[in-house]
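The next block holds one structure in the form of structure tokens; read it before the comments.
We use all heavy atoms of the structure for the numbers below, so side chains are in, but hydrogens, waters and symmetry mates are not. Labels below follow one simple rule: chain letters A, B, ... track the order of the sequence lines, proteins then strands, and each chain is numbered from 1.
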Amino acid sequence: MEFGPTSAQEEFREVAHAFLATRYPPERVAELADSAYGHAVDGWDPLVRMGWLDPELDLTTLALLAEESGYVLHPTPWWSTLGLPPTTPATPVPRTFAWYDERCRSLRDTASRSACRAVRSPDAAWRVSGTKRLVPDLASASEVVLSAETPDGVALFSASPTGPGVSVTPTRSLDGLRRLSRLRCVDAPVRPLTESGAATREALGLIRWRTLTLLAAEAVGVAARALDLAAGHARERTQFGRPIGSYQGVAFRIADSYLATELARTLAYRAAWLVDQSALTPPAEVDGAVACAVVAGRDAALAACEHAMQVLGGIAMTWAHPVHRWYRRALWLRSFDASSSAHLAELAAQLLEADDAPHG
Amino acid sequence: MDLHDTPDRADFRRRLREWLGERLPSGPVDGAPAEVDLARLLAWSTSLHEAGYAGLTWPAEHGGRGLPPAYQGIFAEECALAGAPDQLNVIGLNMVGPTLIRFGTQAQQRRHLTPILRGEHLFCQGFSEPEAGSDLAAVRTRADAVPHGYVINGDKVWSSYAHVADFCLLLARTGEPAARHRGLTCFLVDLRAEGVLTRPLRQINGESNFSQITLADVSVGEDAVLGEVGGGWPVALTTLAHERGTFAITLSARLRVQFERLLATVRATGRAGDPDVRASVARLHIDLQALRYTGYRALTRLSRTGDPGPETSILKLHWSQTHQRLTRLAWELLGPEAALDAEDAFWSGYWQSQLLRSRGDTIAGGTSEILRGIVAERVAGLPRSR
């Protein structure tokens with residue numbers, strides 16, 4: 001039993017932390033959030049150089065990077081890209097996954113239904129028609145992976161957001177740093193990635209695990225930053241002649257944020273490790289660990305931000321103070337894919353219906 | 001990062017599991033655990049020692065096995081999961097022994113260490129007092145120097161196992177009250193000495209697991225002083241710190257068994273289809289996983305750095321809150337019959353008793369307020385509130 005990042009993983013994290021802290025101070029992130037584009041256009045190449053897109057990286061390391069990214073609100077499409085398994089040969093371009101549509105509202109269902117149709121023309125080329133919504137980071141992605149129904153079932157395809165037959169419509173988004181767009185395909189030529197059936201199910205299962213685990217880890221980073229914003233203010237701000245952090249009403253909120261953040265961090269690491277070990281682990285165990293990490297991570301992020309806003313007081317209500325940027329991200333994380341109630345229902349079914357499942 | 005045991009540890013766990021399986025009735029989860037009498041508890045301590053499971057982490061030269069803390073974690077976990085009886089001398093083995101090894105004289109070590117391992121010297125702890133609860137430095141029990149020793153007067157409360165213990169590790173004031181923690185000294189007191197009176201306290205669930213100890217003109221020799229005179233505070237802190245590494249593992253393993261009992265109760269009461277119950281059960285499961293794996297994280301950190309790190313401060317806080325929610329949910333599952341008690345109630349009143357008793361979880365061993373204060377000051381770096 002060695003529960004903790006290895007020294008190599010920690011080193012990777014420290015380099016990422018220093019890089020992100022220098023490059024993305026809150027003022028720059030706020031500027032980008034309010035800009036037309038919502039991302040740092042020069043942000044991608046340094047990540048490639050630092051090895052973030054290295055196909056060898058395990059999910060535990062990526063979870064540490066996700067944590068650090070959540071801490072600064074790293075303004076590049078790193079999450080959308082890394083949620084997708086690496087391609088072979090490696091093409092380190094920003095990518096995103098389009099799955100949400102009129103027939104498919106949950107990552108769980110991606111393998112069984114889609115409102116988009118894929119047909120193979122006589123010349124053997126595939127074309128997709130249909131509309132995907134809520135596609136994150138689409139404006140900055142060079143490649144979009146999408147699910148579409150073929151006559152034999154759902155399969156995965158790759159398209160270019162600027163290709164023929166593809167149109168991208170940005171939508172107003174609560175989180176200006178992770179904007180959502182609509183993707184419309186009309187007989188758009190696409191490249192097939194997986195055949196329908198087992199290969200697609202397996203690929204989508206892995207995408208779901210990776211995406212949700214990185215989301216949980218990012219939530220931990222968001223919670224950690226909110227905690228630091230609150231603690232920093234509580235140390236400096238004086239009222240009634242004392243720093244407000246000396247009042248238990250303030251201090252206990254911060255202690256509770258710390259508690260929730262540490263517990264969520266544990267669960268995110270555990271989920272990442274189990275996804276890495278998924279070849280040797282019963283899928284129900286990985287599913288359960290991912291659900292625990294998502295529920296705890298989202299709760300921790302939201303609660304830490306809300307505690308931080310209360311501790312910060314009136315200044316937290318201004319556009320100028322950065323805390324709302326993290327709060328918006330916490331809300332976005334909360335809204336993504338299945339609700340926490342759905343995750344809880346899944347866990348309850350594992351616990352109460354499967355008698356031979358490991359409960360501990 | 002590897003959540004599996006190393007081969008050596010897996011082997012240790014497998015042998016221990018077999019050993020426990022031979023000696024204990026199967027699974028404790030289908031009902032309340034059976035009551036265990038004192039004679040059986042004593043016999044259990046002896047058999048643990050004979051099988052080499054006492055003093056796992058003590059150095060070999062003091063009769064231990066010199067194993068890393070991870071082994072103590074495995075031991076605590078497997079015993080709890082198997083529903084093993086309490087280890088009567090848990091305070092001696094996990095707290096007093098390691099403190100004696102660090103601060104004791106050779107004579108003190110010779111007198112106590114082997115008997116602690118064998119379960120012959122049972123220890124309790126005499127720290128808290130009626131007027132010194134969370135504020136331990138307010139201890140009033142006095143030890144006045146006389147020729148060749150000290151005379152001790154005062155009251156100690158909440159002392160677990162005191163009704164069966166032979167000795168007490170006692171914190172008493174040898175200096176002025178104004179000196180606060182600098183005027184304190186630790187003593188090894190024979191509870192059979194003249195002037196010692198131990199009275200069990202009846203708890204809110206009717207059980208008596210801890211006692212009040214009254215000391216009236218109790219004479220002890222100079223050899224009863226553990227550590228320096230006036231140096232009782234660091235000795236007491238060491239005692240408390242020795243618990244930190246693996247105690248959370250015990251707590252979370254016991255909670256896992258308690259959770260199995262909860263699931264059995266959900267099924268037995270026909271509430272498995274209730275969406276509110278299902279959501280509450282799932283939430284408890286998440287909190288339990290978080291507790292369990294954060295415990296492993298702290299233990300890993302302890303093995304790597306010698307310090308279990310700031311995670312530890314939250315484990316007890318989280319455990320106590322989770323256990324309280326669990327017992328409340330289990331009790332509520334009983335519906336109107338939850339108002340019954342003892343032999344007329346479900347599982348002979350197990351959940352009624354656990355619910356009442358669990359209110360102490362957020363009070364004993366550091367109140368939740370004290371623990372939050374520690375987190376705020378030492379982890380978040382906030383100024384002191386007092």
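For Asp58(A), no part lies under 4.5 angstrom from a heavy atom of chain B. Heavy atoms of Arg283(B) lying under 4.5 Å from chain A belong to its backbone as well as its side chain. Neither the backbone nor the side chain of Arg253(A) comes within contact range of chain B, judged by heavy atoms closer than 4.5 Å. Of the two parts of Val266(B), only the side chain, counted from C-beta on, holds a non-hydrogen atom closer than 4.5 Å to a non-hydrogen atom of chain A. For chain A, the nearby part of Gln321(B) is the side chain; its heavy atoms alone come within less than 4.5 Å. Of the atoms belonging to Phe252(A), heavy atoms from both backbone and side chain fall under 4.5 Å from chain B.
Counting non-hydrogen atoms of neighbouring residues, nucleotides and ligands closer than 6.0 angstrom, the CD atom of Glu18(B) exceeds 12 such neighbours. Within 6.0 Å of CD in Glu10(A) there are more than 12 heavy atoms belonging to other residues, nucleotides or ligands. Summarising the local packing, CZ of Arg328(B) is surrounded by 12 or fewer heavy atoms from other residues, nucleotides or ligands at distances under 6.0 Å. Other residues, nucleotides and ligands contribute only 12 or fewer heavy atoms inside 6.0 Å of the CZ atom of Arg254(B).
The line from NE2 of His285(B) to CG of Leu351(A) is 5.0 Å long, rounded to the nearest 0.5 Å. One finds the CG atom of Leu263(A) at 8.0 Å from the CG atom of Leu315(B) (value rounded to the nearest 0.5 Å). Of the inter-residue distances, the one linking Glu2(A) atom CD with Asp5(B) atom CG reads 11.0 Å to the nearest 0.5 angstrom.
Minimum heavy-atom separation, Leu382(B) to Ala234(A): CD2-CB, 3.8 Å. Smallest separation of non-hydrogen atoms from Ile254(A) and Ala380(B): CG2-CB, 3.7 Å. Listed here is the closest heavy atom pair of Thr6(A) and Met1(B): CG2-N, 3.5 Å. For the residue pair Ala282(B) and Leu347(A), the shortest heavy atom distance occurs at CB-CB, 3.9 Å.
With respect to the salt-bridge test (charged N to carboxylate O, under 4.0 angstrom), the residues Glu346(A) and Arg278(B) do not qualify.
By number of non-hydrogen pairs under 4.5 angstrom with chain B, the leading residue of Ala291(A), Ser246(A), Ala231(A) is Ser246(A). For the options His318(B), Glu377(B), Arg304(B), heavy-atom pairs under 4.5 Å to chain A are most numerous at Arg304(B). Among Ser341(A), Cys292(A), Ala345(A), the residue making the largest number of heavy-atom pairs under 4.5 Å with chain B is Cys292(A).
Note: Tyr293(B) and Phe3(A) have tilted aromatic rings, judged against thresholds of 30 and 60 degrees for the angle between ring planes.
Judged purely by atom type and a 3.5 angstrom limit, Arg372(B) has no side-chain atom pairing as donor or acceptor with the backbone of Gln248(A).
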**Message:** Run the side-chain contact (heavy atoms from CB on, under 4.5 Å) test on Leu344(A) and Ile286(B) for me, step by step, so that the C-alpha distance in whole Å, both residues' side-chain angles and the decisive distance to 0.1 Å come before the verdict.
**Reply:** CA-CA 9 Å; Leu344(A) 292 173; Ile286(B) 296 173; 3.7 Å; yes

**Step-by-step side-chain contact (heavy atoms from CB on, under 4.5 Å) determination, Leu317(B) to Leu259(A)** = CA-CA 9 Å; Leu317(B) 184 58; Leu259(A) 174 88; 4.3 Å; yes

